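Chain naming here is simple, since letters A, B, ... match the order of the sequence lines and numbering starts at 1 in each. On a predicted model such as this, the values are computed, not experimentally measured, just so you know.
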Number of protein chains: 2
Amino acid sequence: MKDERLSEAPLRILKDMANLTNVYLEQVAAFGEIDRFPHARTITVGYYALVNPFQFELCSFKSEALEARWFDLQDKPLLPYDHNEIVEASLDKLKLKLRYEPIGFELLPDKFSLRQLQDIYEAILGVELDNRNFRKKILKMDVLKKLNEKQDGVNHRKAILYQFDAEKYRTSSEQTAFFTL
Amino acid sequence: MKDERLSEAPLRILKDMANLTNVYLEQVAAFGEIDRFPHARTITVGYYALVNPFQFELCSFKSEALEARWFDLQDKPLLPYDHNEIVEASLDKLKLKLRYEPIGFELLPDKFSLRQLQDIYEAILGVELDNRNFRKKILKMDVLKKLNEKQDGVNHRKAILYQFDAEKYRTSSEQTAFFTL
DNA sequence: GCAAAAGTGTTAAGTTTACACCCATGT
DNA sequence: ACATGGGTGTAAACTTAACACTTTTGC
């Protein structure tokens, strides 16, 4: 739309399709191969959003004929045109980002267990992580607030819940903590 | 141009303005604020290129009224519209990239000394590096071929020259060597 | 009491940092 | 012989990787 900032378009679409608001949004890239669409010369600017799938009822809000659904990264379907490439580029960018910014929280409810967070990291990076090492590392980042609350409704030991502490993050970190030449 | 891939446009412009070909090119992002240009709604896709400034005669090739010049990062001029933001985004992206891919070579002649390479890293990252540590690190990456050649035409000890070894790079590296969770 | 997941420490290997002098060359 | 920049090693601090058992809870 003509009177819309570039980044407002994906937000509008998410709102219309799935009633999603307040999502974390990141631009991936512009895709501009000549024949990426058969119909007309089209340039697409791709964005990814991070959404906790359990906080939203996707399909019930969808507008008209378009269908929105959740997929596991493992068995995501093949998409038309160059959309697989766009998804791959998004995932690559997300993997990179995950390594230098605490971003996993965006995919979880406000309060979450360390195991849930580890699951997010493992799903995005596509690897298994040692839970002791993961916990040490995440806690050393000092961006989590440990709550006096526990998980509920599970039939095993209840995990302690944590919250992302934006204040700690701002003050503490020097960010960009890798490949320190 | 309508029959041009997105990434061909910057290449064409570099060719026309400065007779540059075969440059390393990387897309930065699409910039789409509503009022970024006063004249009309405009969306710009930014690219950065890495060019060895000593291998090219910029100004002598410039087409018509546009002027192309080299600037030091330190004293780069203020640009109109949101172009400063684009330059900053490019530099940020380059800094990041420099940390996980051997890219400094693109700014140097085919054969270069380790000191020249270190200068590139220092200029891009905006920090001073310890030369012993830098050398150890770069050599451990195992992407450089040590030549039996030395610098020429300097009035002090001649540096040994190195070449980037694309073959080594492909085979050796697992890339992405940071923040190893 | 058993199944299921949460939580917890230590050690060895590897990486990063800090640091200062001698070497080769041209004038 | 001196000025200029090239080239080199080591030790301490820190980070990462590998590893297995006990605790809590619901049924």
Of A/Gln151, A/Gln163, A/Glu149, A/Gln116, which is the lone residue that meets side-chain hydrogen bond (donor to acceptor under 3.5 Å, both in side chains) with A/Lys111?
A/Glu149
I need the CD-C1' distance between A/Gln151 and C/dG7, as an integer number of Å.
12 Å
State whether the number of non-hydrogen atoms from other residues, nucleotides or ligands found under 6.0 Å of B/Asp75 atom CG is greater than 12.
yes
Indicate yes or no: does A/Glu101 engage A/Lys97 in a salt bridge with an N to O separation below 4.0 Å.
yes
Grab the CD1-C1' distance between B/Ile160 and C/dC23 for me, whole Å please.
12 Å
What string of B, S and - do you get for nucleotides 19-27 of chain D, 5' to 3', if B is base contact, S is sugar-phosphate-only contact and - is no contact with any protein heavy atom under 4.0 Å?
BB--BBBS-
Between A/Thr42 and A/Tyr81, is any pair of side-chain heavy atoms under 4.5 Å apart?
no
Round to the nearest Å and state the distance from A/Leu161 atom CG to C/dA6 atom C1'.
12 Å
Ignoring backbone atoms, establish whether A/Arg115 has a side-chain N or O less than 4.0 Å from OP1 or OP2 of C/dA5.
no
Please report, rounded to the nearest Å, how far the C1' atom of D/dG9 is from the CG atom of B/Leu139.
14 Å
Main-chain N/O of B/Gln27 paired with B/Lys93 side-chain donor or acceptor, under 3.5 Å:
yes
Could you check whether A/Leu114 gets within reach of a base, just the sugar-phosphate, or nothing at all, counting any heavy atom under 4.0 Å?
nothing
With a cutoff of under 4.5 Å between side-chain heavy atoms, which Ile, Leu, Val, Met, Phe, Trp and Tyr residues group with B/Phe71?
none
In whole Å, what is the span from the CD atom of B/Glu128 to the C1' atom of C/dT17?
15 Å
